[in-house]
Participant: 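Could you have a look at this structure, given as structure tokens, before my questions?
What's counted below: heavy atoms across the whole structure, side chains too, no hydrogens, waters or symmetry copies. Letters A, B, ... mirror the listed sequences (proteins, then strands); counts begin at 1.
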Amino acid sequence: MYWLEKDQVVKLTGKLARDYALFGPRRDEVSGQVIFDRLDEPGRLDLQAAIPYNPPKFVLFPHYEEILKYRYQKQTRKVTIEKIDKLQPKALVGLRSCDLTGILCLDRFFLGQEFVDEFYLEHRKKLFLISSTCVRPFPQCFCVCTDSGPAAREGFDLDLTFTGEGYLVLVGSKKGQKLVEELQLKTAGPEAAALRKKMVDESVSSFDSFALENKAWISRATNRLTTGFVKPEVWEYIGHQCFECGACSFVCPTCSCFNVEDVNDNDGHTDRVRTWDSCSFEGYTRMAGDHNPRKPVEDRRNKRFFCKLSYSQSKKYLRPGCVGCGRCARVCPGDIGLPNVVTYIRREVTGE
Amino acid sequence: MSYHRGICNFCGTGCGHLLLVENNRARGVYPLPGHPLSRGRLCVRGWHIHELLQTDERIIRPMVREGETFRTVSYQEAIDYTARELKKFSGREVAFLGSPRASNEENYLFGKFARAVMKSNNISLSSDAGLEESARVLLEGCGWPAMTGSLSGLRQADFILVLGGDLTRQNPIIASEIHFARRAGAFLVTISPRKTQMARLSRIHLRPRPGTLSMLLLAMARVLADEDLIDRESLAGLVENWQAYSEYLDSVDRDEIFRLTGVEEKEVISLARKLTAAKSAFAFYPVGIQSLDRQSMAALFNLFLLAGKVGRPGCGLCPLTGISNLLGSLDMGLSPSFLPGYFPADREGSWKRLEELWPVRLERWPGKNAAACLLEDNPVKALLVVDHDEEIIRNLNRIKKLELVVYFGAYQNAFSRLAKVIFPRTTYIEGDGTYTNSERRVQLSQKKVDPPGEVRPLWEILSRLAGSLGHDWNYRSAEDIMSEISRVVPQYAGLSHLKLKDRLGIKWPADERHPEGTDCLLAEEASQKFRFVLDDRESSDRPRQSSPGQEFPFQLVIGRSNYFWHQNSIMKRTFIPRREYNALLLLYPKGFVEVSEEDARALGLREKQTVKIISEKAEVRLAVRISPDILPGMLYIPYFVDDMIPEFLHRQVAELEKYEEFFLPVRLEKVA
Ligand code: SF4
Ligand code: SF4
Ligand code: SF4
Ligand code: SF4
């Protein structure tokens, strides 16, 4: 393990900014809230800030992405494929463990199955990931129930733990090792590993007093979901409160539904674009010939939670599809974020 | 690629968002955490606004019609041409149709152009009928033209009444606030003919017979009085015409009303009790796209005043605007009846004041709205339009006959094809501007991307046009215009771009007394004594239409608000919302009529079977959709299939355009 002085953070980001576009948590000046954003000025990085309102998903799985450009000539009936600009390498600094785990889930979806998604791969290959331990959880967090925090175990290039004076630095890859050497960081001494463990343990035991917004007793819900022991009335109760906005999917670090559209430009070519989509939408599952396998809204809710929590889906991600970030609870106009749904399933709530 | 703080420009909720901009294009959106109303939420439309904002279907260059085609010209040429043409007409020969999506600055200037430069008072919005009516009722009743309450306190409410519409579709994030309030313990009541999602979430859903909503509200008032649930003493002090209203209430035939509305008396009594007991009570009603009628608004106002819920903290009457800047557009005086700042056009003083401020001579003749101008026997000769959705197209043939149509817009639409001159204008993220949501919150939206090519902002085009017509307007920015607005519109006196830059909106009135804006109307600060709104006594205790008879046994309700977005030229430029809004259309390509489960059984109707709906004047063929959402005896047609509208509906009813409460007696026949 290495040691990074507080004032060396600038050196670290400065160095990264030479080769990578820098992303990290920053504070919005007016609302005062934290968002994960491109940092044109590395100085805007706020490593002490709370979990950002948005996950880093948009960096490697953009909300709207051109994946193909082509030109179709009517007269000759010829299609010419045009080049898309090369992607820029990006460094994500100050990732919370839940969000890093989210990226690992996306990896399994886009890269770990039969087909490898080359667009995702292209983004992914060029990432530099620096995670940051949560020495205190935030009110919305429940990563301890989903085994995805408060400290990262894998998947990072570098991992930081703030001790108050400076950062303990764990190296997770060759790229990370190289950067540490270039920055000529000191090694952290023999007691570092124990110190990190102590801090993480303290963080875990402080969930009871700080992470009060959401309690999600995932395993019980997982059992019920997997065995199908959820009464239809429970889904109905949940479905009636859904505003069908799609937010729960958009803000989830692990949700990967997308839609593909062709958009005609003014100048004669067509962009094939991929955009975020959500299984909450009726149109998402509509099939030809009027047959929609998940018609009523409660069934579509059911689908999403099945995807997040059932054993069969967990096998796909090698972990639950929920990483405990609590975001879906904050953005949901219907107040049926995952933690509430888990409660309704556990307690068989069907009304008020 | 980075996120920029802004606001959603679809509906009158005005949610805060973060727009992701990359290479000068909108590439994503995210809800803005910490926004005082939306609190980090967006609805399905707001989550896809970038799909609209990235579209290439823009108008990029000014164009002038030559025969059947358009010739591309420079702005200067287009301005010279338009100015030359406009000089041919007197003010009375021109009508102006503003856009409820344009900013306050743009709308203010558009109104000033009409009144001060063209000397025309024919200025309106097309979706304003309901909002204007609501403003009139509220002004008369309490001297305050818009939402009297504050949504900031909504989650602490005890009692919430939702009238008509389909709020979870029309203003989803305000509906969400109501849902949270309900979960925190508010008693939620919906009154609507159809079982909407809001109705499902409500503790009580009342379904008075179509056309009897104002009567039901009147009945509630009568019950309050009969059960002695009112504070007569404080009413006498607070209200100017308490005596007159009290007599009116006494004259109402209570039993008759219950019979006509079809609502159980005991339910109304228990509701009246709940309302009185509530410390904090709110009522919501839609205005704009499909609005309540005047009688219902007046009856609602009177009910709340009687119950002591007007002018108190934690209480409010809340008209909800369906389009982003509808309220702001009316604040800016885009109406034949109001000058900027709600100064009534029928008072000499209003004109004198404006003549001093602008300073310019103004005409006093009473203006009309654009639709009325087009339908007259002697219609106007020229029309200037900003940005329009398709609604006006129903007057297609009249518009075609005009000598001059000038269109200012960012996107191609059906309207642009009718124009003689087309001025491309910037979209709302290509310049600065303020927008006023339903709760009177004025928010500044700052420039985030450069416009394509040479596209200019509307305020600049109008200024140059005014210049060509001999009016020296020296606005250099939208900010300049706002500083003029702050002198002309008293509600905006304390506002400037500088001040709005680092705030998430300020609720008007903002003035010396309330520099940070005003949360809600308080009786002790009101400009006048309150009044019960007592006009139309004749009609308010009578159903709006005769009840169905033998020949036409069904009441056909035409729903507009929840399907408005289908019809919208803006939604058609998105992917996901378009797909979702079209989901129903795919199933019922020619439209459908909803029939209750009971009636379907009785008549032996199958799902999707074709039937004829016959009224006194017209008939239409539609597929049956059996629905648990409507009552027996009622039929429901959503207003979203293009052909159906001119075919069947427009021919017979102008009123359908405006009011939620409208119904038509029809019969249903199977097609062999
Ligand atoms: S969920 Fe866990 S890892 Fe994520 S921010 Fe909260 S404490 Fe950190
Ligand atoms: S389901 Fe909700 S809490 Fe779980 S990872 Fe997704 S957004 Fe976070
Ligand atoms: S965020 Fe809530 S309301 Fe929106 S789709 Fe998801 S569950 Fe439904
Ligand atoms: S509620 Fe209205 S303002 Fe808010 S996101 Fe939806 S459309 Fe936009």
Participant: Quick one: CD on B:Gln54 to OG1 on A:Thr275, what's the gap to the nearest 0.5 Å?
Facilitator: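 So the gap between those two atoms works out to 10.0 Å.
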Participant: Are more than 12 heavy atoms, taken from residues, nucleotides or ligands other than B:Lys195, located less than 6.0 Å from that residue's NZ atom?
Facilitator: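 Open: at most 12 neighbouring heavy atoms sit under 6.0 Å from NZ of B:Lys195.
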Participant: So with a 6.0 Å cut-off around CZ of A:Arg71, is the heavy-atom count from everything else above 12?
Facilitator: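 Atom CZ in A:Arg71 is packed in, count exceeds 12.
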Participant: Count the heavy atoms of every other residue, nucleotide or ligand shown that sit under 6.0 Å from CG of B:Asn23, and state whether that count exceeds 12.
Facilitator: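 Counting other residues, nucleotides and ligands, CG of B:Asn23 stays at 12 neighbours or fewer.
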Participant: Taking atom CZ of B:Arg183 as the centre, report whether more than 12 heavy atoms of other residues, nucleotides or ligands fall under 6.0 Å from it.
Facilitator: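 Count over threshold, so yes.
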Participant: Apply side chain to side chain contact (heavy atoms under 4.5 Å, CB included) to residues A:Phe243 and B:Val44 and explain how you reach the verdict.
Facilitator: CA-CA 8 Å; A:Phe243 284 55; B:Val44 62; over 6 Å; no
Participant: Which bit of A:Phe23 comes within less than 4.5 Å of chain B, counting heavy atoms only: side chain, backbone, both or neither?
Facilitator: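 Just its side chain gets close to chain B.
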Participant: Report the residue from B:Arg503, B:Lys501, B:His35, B:Arg5 that forms a side-chain contact (heavy atoms from CB on, under 4.5 Å) with A:Val30.
Facilitator: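 Result for side-chain contact (heavy atoms from CB on, under 4.5 Å) with A:Val30: B:Arg5.
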Participant: So do A:His240 and B:Gln197 actually touch side chain to side chain, heavy atoms under 4.5 Å?
Facilitator: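 No, their side chains stay 4.5 Å or more apart.
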Participant: Looking at B:Val29, B:Leu32, B:Ile173, which one has more heavy-atom pairs under 4.5 Å with chain A than the rest?
Facilitator: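 Highest number of pairs under 4.5 Å: B:Val29.
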Participant: Using a 4.5 Å cut-off on heavy atoms from C-beta on, say whether the side chain of A:Asn54 contacts that of B:Tyr3.
Facilitator: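 The answer is yes; the side chains approach within 4.5 Å.
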Participant: Between A:Trp276 and B:Trp47, how do the two ring planes meet: parallel, tilted or perpendicular, split at 30° and 60°?
Facilitator: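 Ring orientation, 0 to 90° scale: tilted.
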Participant: Pick out which of A:Glu66, A:Glu65, A:His63 makes a side-chain hydrogen bond (donor to acceptor under 3.5 Å, both in side chains) with B:Arg27.
Facilitator: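 Testing B:Arg27 for a side-chain hydrogen bond (donor to acceptor under 3.5 Å, both in side chains) against A:Glu66, A:Glu65, A:His63 leaves exactly one candidate, A:Glu66.
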Participant: Within a reach of under 6.0 Å around CD of B:Glu454, are more than 12 heavy atoms found that belong to other residues, nucleotides or ligands?
Facilitator: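 At most 12 heavy atoms, drawn from other residues, nucleotides or ligands, come within 6.0 Å of this atom.
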Participant: What residue, out of A:Gly32, A:Gly246, A:Cys332, A:Pro62, has the most heavy-atom pairs lying under 4.5 Å from chain B?
Facilitator: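 Among A:Gly32, A:Gly246, A:Cys332, A:Pro62, the one with the most close pairs to chain B is A:Cys332.
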Participant: Working to the nearest 0.5 angstrom, can you tell me the gap between A:Ser31 OG and B:Leu18 CG?
Facilitator: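 Answer rounded to 0.5 Å: 7.0 Å.
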Participant: How close do A:Asp277 and B:Arg579 get, heavy atom to heavy atom, and via which atoms?
Facilitator: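 Shortest heavy-atom separation between A:Asp277 and B:Arg579 comes out as OD2-NH1, 2.7 Å.
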Participant: Can you tell which part of A:Val251 gets under 4.5 Å to a heavy atom of chain B, answering side chain, backbone, both or neither?
Facilitator: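 Its backbone and side chain both get close to chain B.
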Participant: What distance separates A:Asp37 CG from B:Met1 CE, expressed to the nearest 0.5 Å?
Facilitator: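 Result: 8.5 Å between the selected atoms.
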Participant: Between A:Arg38, A:Arg26, A:Gln33, which shows the greatest number of heavy-atom pairs under 4.5 Å with chain B?
Facilitator: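 Ranked by contacts with chain B, first place is A:Gln33.
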Participant: Does B:Arg203 come within less than 4.0 Å of A:Glu352, counting only side-chain N to carboxylate O?
Facilitator: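 So B:Arg203 does not pair with A:Glu352 through a salt bridge.
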Participant: For A:Cys245 and B:Leu42, work out which heavy atoms get closest and say how close.
Facilitator: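 Answer, listing the atom of A:Cys245 first, then B:Leu42: CB-O, 3.8 Å.
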Participant: Among A:Leu39, A:Ile35, A:Val59, which has the most heavy-atom pairs under 4.5 Å with chain B?
Facilitator: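 Result: the option with the highest number of such pairs is A:Ile35.
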Participant: What part of A:Val263 gets within 4.5 angstrom of chain B, counting heavy atoms only: side chain, backbone, both, or neither?
Facilitator: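 Interface part for A:Val263: side chain.
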Participant: Kindly give the heavy-atom pair with the smallest separation between A:Pro333 and B:Ser176, and that separation in Å.
Facilitator: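 Shortest heavy-atom separation between A:Pro333 and B:Ser176 comes out as O-OG, 2.8 Å.
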Participant: Going from CZ on B:Arg200 to CD on A:Gln241, what distance comes out if it is rounded to the nearest 0.5 angstrom?
Facilitator: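 Going from the CZ atom of B:Arg200 to the CD atom of A:Gln241 covers 13.0 Å.
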Participant: Any Lys/Arg nitrogen of B:Arg182 or A:Asp335 sitting under 4.0 Å from an Asp/Glu carboxylate oxygen of the other?
Facilitator: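 The answer is no: the pair does not qualify as a salt bridge.
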Participant: Chain A heavy atoms under 4.5 Å from B:Ala26: which part of the residue, side chain, backbone, both or neither?
Facilitator: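 No part of B:Ala26 comes within 4.5 Å of chain A.
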Participant: Would you say B:Glu51 and A:Tyr64 are linked by a side-chain donor-acceptor pair, where the criterion is simply a distance under 3.5 Å?
Facilitator: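 No, no side-chain donor-acceptor contact under 3.5 Å.
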